[in-house]
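This report concerns only the one structure given below.
Just so we're on the same page: letters track the sequence lines, and every chain starts at 1.
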Amino acid sequence: MKTAITPTRSENFSEWYQSLIVASDLAENSPVRGCMTIKPYGWAIWELMREEMDRRIKAAGVQNANFPLLIPIEFFNKEAEHVAGFAKECAVVTHHRLKMIDGQLQPDPDSKLTEPYIIRPTSETIIGDAMSRWVQSHRDLPLKLNQWVNVMRWEMRPRMFLRTSEFNWQEGHNVFATHKEANEDARKMHKIYGEYMREVLAIESIMGEKTEEERFAGADKTYTVEQIMQDGKALQAGTSHDLGQHFAKSFNIKFLGTSGKLETAWTTSWGTSTRMMGSLLMVHSDDDGLILPPMVAPHQIVIIPIVRDDDTLVMNNFSQEIGEKLRAKGIRVLVDTSDMRSADKIWKWIKRGVPLRIEIGAREMLNNNLTITRRDIGRDSKQTISVDELLNSASDLLNTIQKDMLSVVQERNKILITDVADLNKLDKYLTDGKIGFFRVNYEQTLDKKFDDLMEKHKISRRCLDDKDPSYVFVAKSY
RNA sequence: CGGGGCGUAGCUCAGUCUGGUAGAGUGCUUGGUUUGGGACCAAGAUGUCGCGUGUUCGAAUCAUGUCGCCCCGACCA
């Protein structure tokens, strides 16, 4: 059978992924190396994802703010581990003026900055600086801030959505009076991320703490939301850090406690990015294109009037009426009255992952019927129902699609997670080409033999198992 | 930054080995027939062959330099 996306997932997963993004019109590579242009349809999905995340963040008592794009190098230099982690991938602003020199526009040597700025790869430092001024008394705590911004990390090998040099994200930064509160906060945000992935993106995640070598630069503990792609590789979709007092000490975030003594605060940071969209694509899509969970679908329903030359106007009007009635129920509906051929419209919206497609033909209109097809199931779900039946059931049907998509992922995860008793078994599975996550006793991975396996099979420790931290999940990753 | 591949029409690519008028498919435009999962016929428009230098009567083709992209590594809270 002909598929909309070539190659297929099984033929070449990474090429399929690139083709999928082009075919569904989400984004394209830009003239700037490592940076992508997110096109209107892709951005519409991101906006829906962002709105729902923002709602949940605010519900956790966090306020939005906005900090500068440029960070003084001296700030960055204050936390040693942090510098070590990020220095290799920072873009630096060194001049503030251009000049025509020998017919070439160049940075004007006379405009060199005495103190260069770096473009934020993350904002712990500049927010830490602000916090040191904003936090004076225990009454100022907790202070919970978030910003939705772009950041830049000069990546060696970019891939659209998964790893781009510039990306959009939210980064939250909270301050507390005690370590207990800070750690609870990091865990709370971690839990919120997991719920969001499940309820909004219909993705079941593997939740847990990062092992020491995978931890954020400057954190005491990092909690991660790991997801399993259809090719079995892991994607880190959101992290939450207990920063201990590393940044509070470096930036002098202190407060007068109830006892009247000056105390050092405790901070957390937590973030999710457009990388989640990469996960959304690689978890749900098939060889015909995107499949969007209704909650983040820009168009939850598309209505395609099947027109002939003589009935175009009446068919389009009838379709618009149904569209209006569905919108009145709070459903995002697109009525595609463009003058493309019907078959082309159908494929266009299949590729773009619209959860529910409605086709209306002339005879159906006379009988007040229409035909619906679910994107997640495809042809087999095609059925003709009455307009009234649709209006009554549309919202429920979208909820059902959302739930069914999650169930598919949960079932697939069961197959893609394998318990292994020892390193020899792990080696054998990987040598045999088994894909997915492997759950291994953590102590065993401290053996040098495990380092060899990591090297041999390009695997890494993804996270400890939340349900039993004496086990660690191991996988190949993006 | 290493190893490999690629750069030719909007897109996918042939042509390069063996130098001699710039090609195909698809898409696009127009007209007609069609229309419930990617239609058909006809006509038409579309190029700095990535860029520079060299060899040559003549370069998409050979040499050399350079830029960019892709894949595999290294790197990646």
Side-chain angles (χ1 to χ4, degrees), chain A residues 1-7 12-15 17-19 22-23 28-34 79 81-90 120-124 151 153-160 162-165 167 169 171 210-224 234-236 238-243 246-247 269-273 275 288-289 304-312 315 339-351 357-365 369-373 375 378-384 455 458 460 463 477-478:
Chain A
M1 195 187 301
K2 192 181 174 188
T3 58
I5 310 291
T6 49
N12 185 334
F13 196 81
S14 63
E15 276 188 41
Y17 176 75
Q18 300 283 342
S19 306
V22 174
E28 62 182 28
N29 275 316
S30 76
V32 184
R33 189 198 131 76
E79 214 295 318
E81 283 180 42
H82 197 60
V83 181
F86 283 108
K88 295 185 293 281
E89 48 188 33
C90 286
R120 62 180 164 220
T122 178
S123 304
E124 272 77 6
V151 292
R153 298 176 189 181
W154 210 266
E155 296 292 351
M156 301 301 262
R157 203 172 139 197
R159 308 189 54 165
M160 283 204 276
L162 302 182
R163 183 175 296 110
T164 47
S165 291
F167 59 92
W169 75 341
E171 48 175 324
K210 280 286 187 194
T211 53
E212 189 181 347
E213 82 282 357
E214 297 281 338
R215 206 176 276 157
F216 178 75
D220 272 359
K221 287 175 182 291
T222 289
Y223 302 97
T224 181
L235 189 73
Q236 177 180 307
T239 48
S240 165
H241 316 289
D242 172 354
L243 300 173
H246 294 221
F247 289 90
S269 70
W270 31 279
T272 53
S273 71
R275 177 184 264 192
D288 282 332
I304 299 172
I306 308 295
V307 301
R308 295 167 171 277
D309 278 347
D310 53 348
D311 64 6
T312 303
M315 289 302 303
D339 67 356
M340 279 192 286
R341 291 163 26 80
S342 302
D344 290 340
K345 287 186 198 177
I346 289 170
W347 277 106
K348 173 178 174 178
W349 296 114
I350 288 173
K351 285 188 286 193
R357 183 175 75 249
I358 296 177
E359 296 162 39
I360 307 175
R363 276 187 307 277
E364 283 176 326
M365 182 179 70
N369 282 342
L370 39 73
T371 298
I372 61 172
T373 312
R375 176 62 182 90
R379 283 184 161 87
D380 294 344
S381 64
K382 195 164 179 170
Q383 56 172 316
T384 301
E455 174 87 5
K458 310 294 173 202
S460 57
C463 64
S477 76
Y478 278 100

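Rounded to whole Å, atom P of rG38(B) lies 11 Å from atom CZ of Arg357(A). For the pair Glu28(A) CD and rC69(B) P, the computed distance is 14 Å after rounding to whole Å. Protein atom NZ of Lys348(A) is 18 Å distant from nucleotide atom P of rG37(B), rounded to whole Å. Between the P atom of rC75(B) and the CD atom of Glu214(A) lies a distance of 12 Å, rounded to the nearest Å. One interatomic measurement links the two molecules: CG of Asp380(A) to C1' of rG37(B), which rounds to 13 Å at whole-angstrom precision. Rounded to a whole Å, the CD atom of Glu89(A) is 14 Å from the C1' atom of rA74(B).
For the pair Arg341(A) and Asp344(A), the salt-bridge criterion is met [side-chain N within less than 4.0 Å of a carboxylate O].
Comparing rG31(B) with rG38(B), their P atoms sit 25 Å apart, to the nearest whole Å. Nucleotides rC76(B) and rA22(B) are separated by 44 Å at their C1' atoms, to the nearest Å. A gap of 39 Å separates the C1' atoms of rG23(B) and rG36(B), to the nearest Å. Separating the C1' atom of rG50(B) from that of rC67(B) is a span of 8 Å, rounded to the nearest Å. Comparing rU53(B) with rU61(B), their P atoms sit 13 Å apart, to the nearest whole Å. When the C1' atom is used for both rC49(B) and rU21(B), the distance is 15 Å, rounded to whole Å. With P as the reference atom, rC41(B) and rU46(B) are 24 Å apart, rounded to whole Å. Rounded to a whole angstrom, the distance from the C1' atom of rU55(B) to that of rA45(B) is 37 Å.
Counted by atom type alone, Thr224(A) and Thr239(A) present zero donor-acceptor pairs between their side chains at under 3.5 Å.
Here the nucleotide nearest the side chain of Asn29(A), chosen from rC70(B), rC76(B), rG37(B), is rC70(B). When the nucleotides rA39(B), rC71(B), rG37(B) are ranked by their closest atom to the side chain of Asp344(A), rA39(B) comes out on top. When the nucleotides rC71(B), rA74(B), rG38(B) are ranked by their closest atom to the side chain of Lys458(A), rA74(B) comes out on top.
A donor-acceptor contact shorter than 3.5 Å links the side chain of Tyr17(A) to the backbone of Met160(A). Using modelled atom types, one side-chain atom of Glu171(A) and one backbone atom of Ser123(A) make a donor-acceptor pair closer than 3.5 Å.
With a 3.5 Å ceiling on both atom-pair distances, the Watson-Crick or G-U wobble partner of rG10(B) is rU26(B). Base pairing of rG37(B) is not made with any nucleotide, judged by Watson-Crick or G-U wobble geometry with both donor-acceptor distances under 3.5 Å.
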Pairwise N/O distances under 3.5 Å, protein to nucleotides 31-36 of chain B:
residue: rU35(B); atom: OP2; partner: Arg308(A); partner atom: NH1; Å: 3.3
residue: rU35(B); atom: O4; partner: Asp309(A); partner atom: OD1; Å: 3.3
residue: rG36(B); atom: O6; partner: Gly361(A); partner atom: N; Å: 3.1
residue: rG36(B); atom: O6; partner: Glu364(A); partner atom: OE1; Å: 3.2
residue: rG36(B); atom: N1; partner: Gly361(A); partner atom: N; Å: 3.3
residue: rG36(B); atom: N1; partner: Glu364(A); partner atom: OE1; Å: 2.2
residue: rG36(B); atom: N1; partner: Glu364(A); partner atom: OE2; Å: 3.2
residue: rG36(B); atom: N2; partner: Glu359(A); partner atom: O; Å: 3.2
residue: rG36(B); atom: N2; partner: Glu364(A); partner atom: OE1; Å: 3.1
residue: rG36(B); atom: N2; partner: Thr371(A); partner atom: OG1; Å: 2.8

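Between Tyr478(A) and Ala4(A), the residue anchored closer to the 5' end of RNA chain B is Ala4(A), taking for each the nucleotide with the nearest heavy atom. Place Ile5(A) and Glu213(A) on RNA chain B by their nearest nucleotides, and Ile5(A) ends up nearer the 5' end.
Residues Ile372(A) and Gln383(A) have side chains in contact (heavy-atom distance under 4.5 Å, counting atoms from C-beta outward).
Under the rule for a side-chain hydrogen bond (donor to acceptor under 3.5 Å, both in side chains), Glu214(A) has no partner lying at least two apart in sequence or in another chain. Partners of Glu213(A) by salt bridge (charged side-chain N to carboxylate O under 4.0 Å, His left out), not counting sequence neighbours, listed by chain and number: Arg461(A). Every residue two or more places apart in sequence or in another chain was checked for a salt bridge (charged side-chain N to carboxylate O under 4.0 Å, His left out) with Arg275(A), and none qualifies. In terms of the salt bridge (charged side-chain N to carboxylate O under 4.0 Å, His left out) criterion, Arg120(A) has no residue partners (sequence neighbours excluded).
Counting non-hydrogen atoms under 4.0 angstrom, His241(A) reaches the backbone sugars and phosphates but no base.
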Report task. Take Glu364(A) and Thr371(A) through the side-chain hydrogen bond (donor to acceptor under 3.5 Å, both in side chains) test and state the conclusion after the steps. Result -> CA-CA 8 Å; Glu364(A) 283 176 326; Thr371(A) 298; 2.5 Å; yes

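Environment of NZ in Lys221(A): sparse, with no more than 12 heavy atoms of neighbouring residues, nucleotides or ligands closer than 6.0 Å.
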Report task. Quick one, give me the B/S/- string for nucleotides 1-9 of chain B, reading 5' to 3', where B means a protein heavy atom under 4.0 Å from the base and S means that only happens at the primed atoms, P, OP1 or OP2. Result -> B--------

